[in-house]
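This is a predicted model, so every value here is computed, not measured. In what follows, chains carry the letters A, B, and so on, assigned in the order in which the sequence lines appear, proteins first and then strands, with residues in each chain numbered from 1.
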There are 2 protein chains.
Amino acid sequence: MKHTGSPDAALLDVTAPQRELLDQVLDKWSLQVLDQLCGRPLRFNELRRVIPDVGQKSLTATLRRLERNGMIERVVLAARPVAVEYRISPIGDSLNELVDALLQWTSTTLPHVEAARERYDGATDTEAARA
Amino acid sequence: MKHTGSPDAALLDVTAPQRELLDQVLDKWSLQVLDQLCGRPLRFNELRRVIPDVGQKSLTATLRRLERNGMIERVVLAARPVAVEYRISPIGDSLNELVDALLQWTSTTLPHVEAARERYDGATDTEAARA
DNA sequence: CCGTATCCAGACCGATACTG
DNA sequence: CAGTATCGGTCTGGATACGG
């Protein structure tokens with residue numbers, strides 16, 4: 001668990017393509033869409049139902065962005081009326097593994113984080129109380 | 001490279017504490033601050049210099065948030081005028097490892113992503129041209 | 001040197017209405 | 001069903017000025 005040296009700070013620069021990719025793929029809704037799509041494909045309104053509080057607009061934008069970056073595939077089914085199915089791609093699948101690692105990390109560190117928050121909030125509170 | 005099943009979809013819900021933690025720690029500036037701080041501590045204005053385009057306000061907010069979540073430590077040095085040093089914590093260090101994995105992922109998949117983008121843009125262009 | 005306070009333009013996001 | 005178009009409020013984030 002020892003981190004040694006940054007790999008390359010330039011990769012994190014806001015203008016770096018790697019950084020832009022992360023931004024387009026790690027946002028609020030993308031993670032949930034990717035997660036829901038792993039395993040089985042889902043339709044547009046199924047996604048709306050299964051992801052709480054997502055609006056049409058946001059979901060559409062998220063799906064388009066993920067499709068453009070090759071994370072998911074949009075499949076138009078021959079049906080009346082139109083039916084569209086979204087399925088995860090191999091690349092999207094590989095991203096999901098990393099997200100799982102991230103999620104695992106949050107779960108194990110959450111107790112420490114909450115302890116840190118209480119310490120911080122307590123300190124700033126008493127500080128404010130003195131003023 | 002096979003992803004099998006979501007670990008727990010509920011963890012990704014916007015209201016889930018795990019999800020909130022990720023939001024507070026994976027944003028634009030946080031990643032760069034964390035990356036810069038790994039190895040050696042830095043002062044406030046050193047961070048400003050080394051991270052391109054970050055404003056005082058954003059940097060301050062980022063540092064406070066990271067401190068509150070226990071990712072970094074704020075050390076006030078005995079000096080005139082005031083000198084403050086920020087150093088990474090063990091938790092922040094463990095996060096950096098995951099970020100490195102993410103960065104590695106972006107680097108290896110970037111060619112595929114760019115290919116996907118060209119396909120997508122080309123398809124939507126010709127589609128628009130027909131209209 | 002290390003911030004906080006304030007103001008303001010622009011992005012974002014939900015609600016709504018409408019189309020193929 | 002699966003979107004597109006538009007409008008209005010919110011919230012972010014940069015620029016600026018000032019304080020400890």
Side-chain angles (χ1 to χ4, degrees), chain A residues 13-15 19-20 23-33 36-37 41-68 72-87 120 123-125 127-128 130-131, chain B residues 13-15 19-20 23-33 36-37 41-68 72-87 120 123-125 127-128 130-131:
Chain A
D13 188 320
V14 202
T15 63
R19 176 66 230 218
E20 288 178 47
D23 285 340
Q24 298 200 11
V25 139
L26 287 185
D27 64 291
K28 195 164 89 160
W29 302 120
S30 291
L31 293 191
Q32 293 179 77
V33 169
Q36 289 295 341
L37 251 36
L42 288 175
R43 308 249 302 273
F44 186 84
N45 282 326
E46 288 176 321
L47 281 169
R48 279 194 76 180
R49 250 170 271 128
V50 89
I51 300 178
D53 304 327
V54 69
Q56 300 178 326
K57 194 177 171 181
S58 302
L59 182 55
T60 303
T62 300
L63 290 170
R64 293 285 173 277
R65 196 172 342 110
L66 290 177
E67 187 195 358
R68 192 176 108 92
I72 62 175
E73 284 155 25
R74 179 175 182 274
V75 184
V76 180
L77 303 172
R80 304 286 326 252
V82 191
V84 177
E85 196 176 85
Y86 293 92
R87 51 181 67 234
Y120 182 93
T124 52
D125 276 358
E127 187 176 315
R130 262 199 308 279
Chain B
D13 189 318
V14 202
T15 63
R19 176 67 230 217
E20 287 178 48
D23 285 340
Q24 298 200 10
V25 138
L26 287 185
D27 63 293
K28 193 164 90 159
W29 302 118
S30 291
L31 293 190
Q32 293 179 75
V33 169
Q36 289 294 341
L37 251 36
L42 287 175
R43 307 250 302 273
F44 186 83
N45 282 327
E46 288 177 321
L47 281 168
R48 280 194 77 180
R49 249 171 270 128
V50 89
I51 300 177
D53 303 328
V54 69
Q56 297 179 327
K57 190 177 171 180
S58 302
L59 182 54
T60 302
T62 301
L63 290 170
R64 293 285 174 278
R65 195 171 342 108
L66 289 177
E67 189 196 357
R68 191 175 109 92
I72 64 175
E73 284 154 26
R74 181 175 182 271
V75 183
V76 180
L77 304 172
R80 302 288 323 253
V82 192
V84 178
E85 198 176 82
Y86 294 92
R87 51 181 67 236
Y120 182 93
T124 51
D125 275 358
E127 189 178 313
R130 262 200 309 280

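- Side-chain N/O atoms of A/R74 include one lying less than 4.0 angstrom from OP1 or OP2 on D/dG3.
- In this structure, B/W29 CH2 and B/D53 CG are separated by 6.0 Å, a value rounded to the nearest 0.5 Å.
- Nearest heavy atoms, A/Y120 versus B/R64: OH-CD, 3.3 Å.
- Interatomic distance, B/R43 CZ to B/Y86 OH, rounded to the nearest 0.5 Å: 11.0 Å.
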Please test B/V84 against B/F44 for side chain to side chain contact (heavy atoms under 4.5 Å, CB included), starting from the C-alpha separation and ending with a verdict.
CA-CA 7 Å; B/V84 178; B/F44 186 83; 5.6 Å; no
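- Within residues 44-57 of chain B, the residues having any heavy atom closer than 4.0 Å to DNA chain C are, in order of number, B/F44, B/N45, B/Q56, B/K57.
- Residues A/S30 and A/V25 approach most closely at CB-O, 3.4 Å, considering heavy atoms.
- Note on B/R43: only backbone sugar-phosphate atoms sit closer than 4.0 angstrom, heavy atoms only; bases stay farther off.
- In the helix from C/dC1-D/dG20 to C/dG20-D/dC1, the end axes, each obtained as the rotation axis mapping the C1' atoms of four pairs onto the next four within a five-pair block, lie 40° apart to the nearest 10 degrees.
- On the nucleic acid side, DNA chain C contacts chain B at distances under 4.0 Å to non-hydrogen atoms, with the end points of that region at C/dC1 to C/dC7.
- Residues that satisfy the side-chain hydrogen bond (donor to acceptor under 3.5 Å, both in side chains) test with B/N45, not counting sequence neighbours, are absent from this structure.
- Closest approach of A/L26 and B/R19 over heavy atoms only: O-NH2, 4.0 Å.
- The side-chain heavy atoms of B/P52 and B/Q32, taken from C-beta on, include a pair separated by under 4.5 Å.
- Nearest heavy atoms, A/L66 versus A/Q24: CD2-O, 4.4 Å.
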Run B/L63 and B/R74 through side chain to side chain contact (heavy atoms under 4.5 Å, CB included) and show every step you take.
CA-CA 9 Å; B/L63 290 170; B/R74 181 175 182 271; over 6 Å; no
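- Across residues 58-66 of chain A, A/T60, A/R64 each have a non-hydrogen atom less than 4.0 Å from an atom of DNA chain D (numbered order).
- Of the possible donor and acceptor atoms, none in the side chain of A/S58 sits under 3.5 Å from a partner among the backbone N and O of A/V54.
- Take B/E46 and apply the side-chain hydrogen bond (donor to acceptor under 3.5 Å, both in side chains) test, not counting sequence neighbours, and it matches no residue.
- Exactly one of B/D27, B/L42, B/V50, B/T62 qualifies for a side chain to side chain contact (heavy atoms under 4.5 Å, CB included) with B/V33. That residue is B/T62.
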